[in-house]
S.K.: 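Before we start, here is the structure in question, set down as structure tokens.
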Amino acid sequence: MADAQYILPNDIGVFSLDCREAFRLLSPTERLYAHHLSRAAWYGGLAVLLQTSPEAPYIYALLSRLFRAQDPDQLRQLALAEGLTEEEYQAFLVYAAGIYSNMGNYKSFGDTKFVPNLPKEKLERVILGSKAAGQHPEEVKSLWQTCRELMFSLEPRLRHLGLGKEGITTYFSGDCTMEDAKLAQDFLDSQNLSAYNTRLFKGVLEDGKPCYEVRLASVLGAEPALHSEMTSKLKSYEFRGSHFQVTRGDYAPILQKVVEHLEKAKAYAANSRQEQMLAQYIESFTQGSIEAHKRGSRFWIQDKGPIVESYIGFIESYRDPFGSRGEFEGFVAMVNKAMSAKFECLVASAEQLLKELPWPPAFEKDKFLTPDFTSLDVLTFSGSGIPAGINIPNYDDLRQTDGFKNVSLGNVLAVAYATQREKLTFLEEEDKDLYIRWKGPSFDVQVGLHELLGHGSGKLFVQDEKGAFNFDQETVINPETGEQIQSWYRSGETWDSKFSTIASSYEECRAESVGLYLCLNPQVLEIFGFKGADAEDVIYVNWLNMVRAGLLALEFYTPETSSWRQAHMQARFVILRVLLEAGEGLVTVTPTTGADGRPDARVRLDRDKIRPVGKPALERFLRKLQVLKSTGDVAGGRALYEGYAAVTDEPPECFLTLRDTVLLRKESRKLIVQPNTRLEGSEVQLLEYEASAAGLIRSFSERFLEDGPELEEVLTQLATADARFWRFPSEAPSGQA
């Protein structure tokens with residue numbers, strides 16, 4: 001059997017997302033709006049399969065065929081008859097649920113491959129003996145032959161997502177290196193093209209020069225079209241001795257489905273802003289225009305306090321090894337009014353709280369653009385995973401001039417971050433009950449501060465295309481050097497493009513640090529209803545949770561490549577290092593032996609030293625982070641951040657050794673079962689499913705009842721058309737229908 005870190009255990013936690021009450025309160029028109037937005041999100045989420053690994057679309061298509069013909073209970077009878085044990089069949093169900101939950105065969109949180117925890121030969125018996133194989137023998141056999149080796153392979157390069165020899169990614173062709181990615185980013189910057197909705201494919205011309213295809217995601221391809229802002233970009237370029245060709249049409253049939261449902265949603269929009277927002281999203285996905293998506297995002301920002309909230313597009317860049325390309329994501333949710341009222345109070349206090357952050361006023365936005373901040377109950381969240389909170393849009397220029405929105409996903413927090421005492425690792429016994437009692441409330445506070453005042457704070461110093469600066473070069477002084485500002489962002493440069501591989505983690509670290517720093521403010525805690533001893537417990541557990549998370553983060557570090565696989569966890573490890581460096585016994589991490597005789601560890605936080613020792617250390621670190629970000633000082637930012645992110649076996653902590661302990665005692669991330677909506681006549685019904693691997697599989701089987709076979713054919717055809725870029729598969733699957 002495979003190493004435990006590459007499988008999903010049979011006892012993995014599975015929870016259902018509860019949004020029944022919030023959905024019940026929607027009007028018939030709001031339900032129709034939510035339904036069509038959800039359909040658009042679910043269709044678009046299929047693109048993530050093509051953004052993850054070469055084999056992911058084939059695995060998805062194979063599983064979908066199996067479970068459309070026989071539900072998990074029916075297939076179980078066949079599996080047992082074929083000689084599988086109950087444990088082996090459950091392992092197969094967990095694997096399938098993991099594929100659906102992560103939209104691919106790599107974990108969304110950590111980018112590690114997971115493989116079936118049963119023998120390949122036994123799984124083959126189930127697949128080839130299934131009803132699906134009986135109905136379509138050649139197609140099912142072909143799918144299995146195409147993906148079976150890669151489904152199980154743990155060849156070193158295939159264990160993690162990465163670029164070049166570091167791992168596998170389908171954002172880039174298999175022969176691309178980090179140098180290719182940097183060159184392509186410079187090219188995109190030179191043409192004022194965003195990388196968010198692109199993939200990069202490398203080739204060689206007859207004269208031996210490298211050539212690159214920058215492919216935009218869009219419904220339209222090479223066919224003639226009415227003039228749009230994208231038409232002039234679709235051509236050949238020479239750049240630094242290399243040939244670039246900008247094309248479009250990536251994921252075209254999938255995005256066509258997205259557009260169709262966005263068009264239908266427009267008919268049920270609550271106001272003109274929502275209509276204009278959707279019109280621009282449709283333009284973006286049709287033409288391949290990020291500028292149109294930005295325009296849609298402006299209308300979205302202006303749409304304050306909607307009953308049904310949503311966002312859709314190529315959003316987060318965590319899984320691009322270079323840190324610039326966005327994974328498709330779409331969510332639809334309903335407002336939780338009670339928690340939203342607390343967040344509104346936090347927003348009302350934001351301008352005052354921003355003044356407490358440890359950097360000069362010149363390093364803060366010229367004007368705080370009051371955002372929406374709501375707690376939402378999620379109906380639909382498509383993509384590779386569901387976060388606890390979001391601060392979007394991610395476009396730097398919009399965030400600086402138009403603002404942003406914050407959302408906390410309340411029903412996700414309720415299930416994904418629940419803790420069982422017996423599974424609580426690395427804490428002292430006397431901390432466990434306090435931790436369980438206050439983890440949820442403290443996390444609400446941290447998410448609120450992280451999203452609103454973490455991601456929502458700080459100014460980028462920019463020189464525009466006309467040479468004008470958005471700061472006073474004469475008077476603004478760098479507080480770290482005492483000198484005038486020496487560096488800034490040029491026209492076309494963004495935070496992601498400039499800081500690339502560390503951008504996401506660095507920004508998450510800055511936001512987490514802001515949350516820890518400002519949770520010490522009594523005014524903040526009062527907003528959330530905490531005073532006196534309760535407030536002190538919330539602070540303690542919030543800091544303790546961050547320290548523990550820093551230790552747990554070691555699961556996501558790969559010693560062989562000295563690299564991190566998850567931005568948020570790298571950020572938390574960095575904060576742990578900062579607090580350890582503060583000294584005076586504020587934080588200690590001590591190796592121990594557990595009651596089971598196996599290696600263990602304990603983290604301790606001295607609550608009496610949080611303010612006198614922890615706060616000043618965090619203050620110094622935060623100021624450095626912001627100054628380096630504002631000034632676009634990539635060299636300084638990398639030196640600071642990568643220094644803290646380094647994992648060594650130096651005493652006293654011996655983090656590389658502790659990593660083995662963390663892996664030994666790790667708990668798998670929970671799987672979340674989401675509901676479906678179904679249109680019956682003119683009414684929308686909510687369909688819910690049991691909290692199990694089988695329930696999660698059923699939710700996906702019923703998600704695409706009408707066009708499942710068509711979608712599977714689309715996915716395999718798109719994957720096969722590009723298979724040569726990863727030298728996989730050697731032969732195209734034939735006859736999928």
Side-chain angles (χ1 to χ4, degrees), residues 1-2 6-12 14 16 49 55-105 114-153 671 673 676 687 689-713 715-716 729 733-737:
M1 290 291 97
Y6 302 111
I7 61 168
L8 302 178
N10 279 12
D11 64 352
I12 192 169
V14 185
S16 289
L49 294 160
E55 67 274 15
Y58 301 102
I59 297 173
Y60 174 92
L62 178 62
L63 294 174
S64 295
R65 278 183 174 273
L66 290 179
F67 292 114
R68 188 168 56 252
Q70 292 168 283
D71 77 14
D73 289 341
Q74 294 168 333
L75 199 60
R76 175 178 171 273
Q77 301 307 316
L78 167 69
L80 298 182
E82 290 288 354
L84 273 71
T85 65
E86 289 279 6
E87 290 74 21
E88 287 169 336
Y89 182 62
Q90 178 63 18
F92 172 53
L93 292 185
V94 166
Y95 175 77
I99 295 292
Y100 290 133
S101 188
N102 293 277
M103 270 290 100
N105 56 332
F114 58 97
V115 300
N117 189 25
L118 71 159
K120 187 192 304 179
E121 298 72 25
K122 287 194 171 185
L123 180 54
E124 180 171 84
R125 274 186 249 158
V126 174
I127 290 168
L128 299 185
S130 68
K131 187 175 179 181
Q135 293 170 340
H136 302 282
E138 291 306 314
E139 291 92 328
V140 171
K141 184 178 179 182
S142 178
L143 280 170
W144 172 241
Q145 289 176 341
T146 298
C147 66
R148 65 183 176 186
E149 297 306 321
L150 283 170
M151 181 189 284
F152 281 85
S153 175
L671 303 180
V673 183
N676 284 321
L687 306 178
Y689 302 88
E690 67 179 31
S692 67
L696 201 158
I697 291 166
R698 287 189 184 98
S699 74
F700 265 88
S701 293
E702 295 186 11
R703 197 151 282 151
F704 304 108
L705 278 177
E706 299 82 8
D707 52 5
E710 174 196 343
L711 293 170
E712 291 147 27
E713 183 173 11
L715 286 165
T716 53
S734 59
Q736 278 116 1

S.K.: Just wondering, do Ile127 and Leu62 contact through their side chains at under 4.5 Å, heavy atoms?
M.R.: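 They are in side-chain contact.
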S.K.: Side chain to side chain contact (heavy atoms under 4.5 Å, CB included) between Leu78 and Glu82: does it pass, once the steps are laid out?
M.R.: CA-CA 6 Å; Leu78 167 69; Glu82 290 288 354; 3.8 Å; yes
S.K.: Output every pair passing ring pair (Phe, Tyr, Trp, His ring centres under 6.0 Å) with a member in residues 59-78, not counting sequence neighbours, ordered by first then second residue.
M.R.: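 Qualifying pairs: Tyr60-Tyr100, Phe67-Phe92.
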S.K.: Keeping the roles fixed (side chain from Thr146, backbone from Ser142), state whether a donor-acceptor pair exists under 3.5 Å.
M.R.: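 Yes.
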S.K.: Please, which pairs that meet salt bridge (charged side-chain N to carboxylate O under 4.0 Å, His left out) have at least one residue in residues 123-134, sequence neighbours excluded?
M.R.: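 Sorted pair list: Glu124-Arg148.
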S.K.: Minimum heavy-atom separation for Leu671 to Ser101, with atom names?
M.R.: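 Smallest heavy-atom distance, with atoms named: CD2-OG, 3.7 Å.
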S.K.: Show your working on side chain to side chain contact (heavy atoms under 4.5 Å, CB included) between Ile7 and Tyr95 and close with a plain yes or no.
M.R.: CA-CA 8 Å; Ile7 61 168; Tyr95 175 77; over 6 Å; no
S.K.: Using the side-chain contact (heavy atoms from CB on, under 4.5 Å) criterion, which residues pair with Pro137? Sequence neighbours excluded.
M.R.: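 Expected list: none.
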S.K.: Using the test side-chain contact (heavy atoms from CB on, under 4.5 Å), find all partners of Ala691 that sit at least two apart in sequence or belong to another chain.
M.R.: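 side-chain contact (heavy atoms from CB on, under 4.5 Å) list for Ala691, sorted by chain: Ser16.
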S.K.: With a 4.5 Å cut-off on side-chain heavy atoms, are Ser130 and Leu75 touching?
M.R.: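 The answer is yes; the side chains approach within 4.5 Å.
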S.K.: How many angstroms lie between CD in Glu712 and CD in Glu710, if you round to the nearest 0.5 Å?
M.R.: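 The CD atom of Glu712 sits 10.0 Å away from the CD atom of Glu710.
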S.K.: Kindly indicate, with the supporting measurements, whether the criterion side chain to side chain contact (heavy atoms under 4.5 Å, CB included) is fulfilled by Glu55 and Glu149.
M.R.: CA-CA 9 Å; Glu55 67 274 15; Glu149 297 306 321; over 6 Å; no
S.K.: Taking atom types as modelled and ignoring hydrogens, do the side chains of Asn10 and Glu87 form a donor-acceptor contact shorter than 3.5 angstrom?
M.R.: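 No.
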S.K.: For Arg65 and Glu139: C-alpha separation, side-chain torsions, deciding distance, then whether salt bridge (charged side-chain N to carboxylate O under 4.0 Å, His left out) applies.
M.R.: CA-CA 10 Å; Arg65 278 183 174 273; Glu139 291 92 328; 5.3 Å; no
S.K.: Between Ser699 (side chain) and Leu696 (backbone), is there a donor-acceptor pair under 3.5 Å?
M.R.: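 Confirmed, Ser699 side chain pairs with Leu696 backbone.
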S.K.: May I ask you to check whether Tyr689 and Asn676 show a side-chain donor-acceptor distance below 3.5 Å?
M.R.: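 Yes, side-chain donor-acceptor contact under 3.5 Å.
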S.K.: Could you go through Leu715 and Leu49, starting from their C-alpha distance and side-chain angles, then the distance that decides it, and tell me whether this counts as side chain to side chain contact (heavy atoms under 4.5 Å, CB included)?
M.R.: CA-CA 8 Å; Leu715 286 165; Leu49 294 160; 3.8 Å; yes
S.K.: Tell me, please, which residues at least two apart from Leu80 pass side-chain contact (heavy atoms from CB on, under 4.5 Å).
M.R.: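 Expected list: Arg76, Glu86.
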S.K.: Who are the side-chain contact (heavy atoms from CB on, under 4.5 Å) partners of Asp71, not counting sequence neighbours?
M.R.: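 Counting only residues at least two positions away or on another chain, Asp71 forms a side-chain contact (heavy atoms from CB on, under 4.5 Å) with Asp73, Gln74, Arg698.
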